[in-house]
Amino acid sequence: MDIVLSGIRPTGHLHLGNYFGALKNFVKIQDTHKCFFFIADLHSLTTHPHPEDFHNSVKTILCEYLAAGLSPEKSALYIQSDVPEISELFVLLNMLAYKGEMERTAAFKDKVRKNPENVNTGLLTYPVLMASDILIHRAKYVPVGKDQEQHLEIARLLARRFNNMYGCEVFPEPQAFNFGSDLLKVPGLDGSGKMGKSEGNGIYLYEDDKSITKKVMRAVTDSGPTEPDSPKPEVIENLFTLMRLVSEPSTIQYFEDKWNDCSIRYGDLKKQLAADICATVAPIRERIDAIAADEKYLGEVVALGRDKARESAAATLALAREAVGFRKF
Ligand code: TYM
């Protein structure tokens, strides 16, 4: 059975970008593949979260994973820092990753631009840790959004380099995965491109109908089409992109037709979009509170996931150590 792996950083609640770019695919694929899904708490240390908030941030993602439908029985659901084998592989792979390559990644350049006061080397080697997450289970598919494409490329590069350097076949080259279609970039509603936590334009899984509706009704639009069948400007295309994720095909077609004959009313479109987002989010939101109240269950989930993940990770690490030349005395 092919191995699938993915993770999300614990930095607040999950937004629709996380859900449609990643989590929804995790849920779909767990019936047909051997899956590892984790909470990337080591990665989130790069931004220096406060120790007092840390545990709750991890718990938030765990509850949202479970509420969205991830199964601790079908998949291995674990916390990255519970699996020390990842950190050891990280050390081995760091020897094969070159400073210039890391400095050239788009995510690193972006972080340097946005937070010049905190350019720690954890940020620089972030893609190496991510490669370690993936390669430690020898994963073949990695369900992620478009923003992670370059990191996946580095994971492939490091897998190849390790195999070549040590003359072995320990690591397969992992592929990004989105059920045969292109990787997704879920847009924000403020015209700024992607929906993201640091962009401050998120619509969250744990958000009530009133607040979601308010955000959607405030979405940036233009003055409307003046010629039939004209191309849509980006802010309008963004609304349609979101609609394609949450609405029925007949609803989407209705508004496409209205756009094409210039009779579209953005207020109607937004009302429909808000209702369809609320209908997607509400059942997940309702499950989150019940799950969060059951600490005993959460403890069992985390222990089960840790044991499954460590067993798989230890087997890979033994192969990697052998390849590098570590021998027992
Ligand atoms: P993170 O925590 O920023 O995001 C988690 C997942 O959500 C996706 N995503 C989006 N997809 C589409 N449109 C958007 N607007 C959008 N915003 C976020 C991301 O692509 C990602 O799949 N480095 C990773 C976490 C990680 C990881 C890994 C992922 C660590 N190790 C190993 C896969 C495999 C990250 O920061 O994602």
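Remember, it's 1-based here, ligands and their atoms both numbered in the order they're listed. Predicted model only: the values in this text are computed from it and were never measured.
Look at R244 and E237 and you find a salt bridge, because one of the NZ, NE, NH1 or NH2 atoms lies within 4.0 Å of a carboxylate O, short of that distance. Taking the charged nitrogens against the carboxylate oxygens, R285 and D209 do have a contact shorter than 4.0 Å, which makes a salt bridge.
Distances from atom 12 (C) of ligand 1 to the heavy atoms of L135, L184, L245 put L184 nearest. Proximity annotation for atom 19 (C) of ligand 1: of T11, D147, L183, D147 comes nearest, heavy atoms only. Across A176, G145, P187, heavy-atom proximity to atom 8 (C) of ligand 1 is greatest for G145.
Close contacts of ligand 1 with K185, meaning ligand atoms under 4.0 Å from a residue heavy atom, involve 12 (C), 13 (N). Per-residue contacts place G21 under 4.0 angstrom from the following atoms of ligand 1 (heavy atoms of the residue considered): 11 (N), 12 (C).
Looking at V142 against ligand 1, only its side chain comes within 4.0 Å, counting heavy atoms. When heavy-atom distances to ligand 1 are checked against a 4.0 Å cut-off, L129 has no atom that comes that close, whether in backbone or side chain. Counting heavy atoms closer than 4.0 Å to ligand 1, residue Y19 contributes nothing at all.
Under a cut-off of 6.0 angstrom, the local environment of CD in E248 is sparse, with at most 12 non-hydrogen atoms contributed by other residues, nucleotides or ligands.
In terms of protein heavy-atom proximity, atom 6 (C) of ligand 1 is closest to A22 CB, 3.7 Å. Of all protein heavy atoms, the one lying nearest to atom 29 (C) of ligand 1 is G7 O, 3.3 Å. Here the heavy atom of the protein found nearest to atom 1 (P) of ligand 1 is R9 NH2, 3.7 Å. In this structure, atom 4 (O) of ligand 1 lies nearest to the protein heavy atom N18 ND2, 3.4 Å.
At least one heavy atom of S6 sits less than 4.0 Å from an atom of ligand 1. Note on ligand 1: Y126 sits in its first shell, one or more heavy atoms being nearer than 4.0 Å. The closest approach between H15 and ligand 1 falls below 4.0 Å for a heavy atom of the residue.
Using bins of under 30°, 30° to 60° and over 60° for the plane-to-plane angle, the ring pair Y204/H15 lands in the perpendicular bin.
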Go through the steps for D2 and K34 under the test salt bridge (charged side-chain N to carboxylate O under 4.0 Å, His left out), then give the verdict.
-> CA-CA 6 Å; D2 287 333; K34 181 169 173 155; over 6 Å; no

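A donor atom on one side chain and an acceptor atom on the other are not found under 3.5 Å apart for N260 and E256.
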